[in-house]
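Report on the structure given below.
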Protein chains: 2
Amino acid sequence: MEFYAEDATLVVKPGMNATGKEQIRKAFVAIAAHFKNQLKVRQGKMTVIEGADTALVIMETLLDIEGQKEPIVRRATYVFRKSDGGRWLCAVDNSYGTSILDA
Amino acid sequence: MEFYAEDATLVVKPGMNATGKEQIRKAFVAIAAHFKNQLKVRQGKMTVIEGADTALVIMETLLDIEGQKEPIVRRATYVFRKSDGGRWLCAVDNSYGTSILDA
């Protein structure tokens, strides 16, 4: 949770967002419970494009789910912004990437 | 140009970025010249996800090119950030979206 900005937004699923650390924390707890605490997240290819104290991170996200041989592969989009203290915090977490337009 | 932050970044093509208004302006002039000033850009489906004074915009971008019947369709990713004056300015312009990982 420490990597999120206070008023960050997480796309839980297309059309359903969690905003603010408390909602995001609850969403992660619910997601973990849904996968019986067996969900593992790995990182694949990644590109970072920085501009105007923000960074667009495009990253392959591999989700290993109990009982499935192959991981689910998503191309996620994350926005980070540089805080006043110089730390980079996640402002928008959209693991669906551009496929959110299909929803 | 007025919609870009001073130190915004434009992905000209995967691996080649223009940073700052002057570089971005020159890149657009070169792109326009390459397409003999016949390139037309249209907007398709769009989703905006706002968090922590930034916004991730995911948008179908349709590019009409002289002599081609069908437009090129991209799923672009743009990051906007709210400036001190409250205006939204583009910080990262990546028209390649998540397909930039294929480059």
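Protein chains get the first letters and strands the later ones, always in sequence-line order, with residue 1 at the start of each.
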>> Rounded at 0.5 Å granularity, tell me how far CG in B/Leu39 sits from CD1 in B/Ile31.
In response: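 The distance works out to 8.0 Å.
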If we only count heavy atoms from C-beta on, is the [X] to [Y] side-chain gap below 4.5 Å?
X: A/Phe80; Y: A/Val57; answer: yes
X: A/Leu63; Y: A/Pro71; answer: no
X: B/Leu56; Y: B/Val48; answer: no

> When heavy-atom pairs shorter than 4.5 Å are enumerated against chain B, which of A/Ala8, A/Ala103, A/Ala91 gives the highest number?
Replying inline: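 Ranked by heavy-atom pairs under 4.5 Å with chain B, first place is A/Ala91.
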> Other hydrophobic cluster members with B/Val73, side-chain heavy atoms of Ile/Leu/Val/Met/Phe/Trp/Tyr under 4.5 Å, chained?
Replying inline: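 So far as hydrophobic clustering goes, B/Val73 is joined with B/Leu62.
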> Given the rule that I, L, V, M, F, W and Y join up when any side-chain heavy atoms are under 4.5 Å apart, are B/Phe35 and B/Ile72 in one cluster?
Replying inline: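 Per the 4.5 Å side-chain linkage, B/Phe35 and B/Ile72 are co-clustered.
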Would you enumerate the inter-chain donor-acceptor pairs between chain B and chain A whose distance is below 3.5 Å?
residue	atom	partner	partner atom	Å
B/Asp7	O	A/Ala52	N	2.9
B/Thr9	OG1	A/Glu50	O	2.5
B/Lys45	NZ	A/Leu101	O	3.1
B/Glu50	O	A/Thr9	OG1	2.5
B/Ala52	N	A/Asp7	O	2.9
B/Ala52	O	A/Arg81	NH1	2.8
B/Arg75	NH1	A/Thr98	O	3.2
B/Arg75	NH1	A/Asp102	OD1	3.4
B/Arg75	NH1	A/Asp102	OD2	3.3
B/Arg75	NH2	A/Asp102	OD1	2.7
B/Arg81	NH1	A/Ala52	O	2.9
B/Thr98	O	A/Arg75	NH1	3.2
B/Thr98	OG1	A/Thr98	OG1	3.4
B/Leu101	O	A/Lys45	NZ	3.2
B/Asp102	OD1	A/Arg75	NH1	3.4
B/Asp102	OD1	A/Arg75	NH2	2.7
B/Asp102	OD2	A/Arg75	NH1	3.3

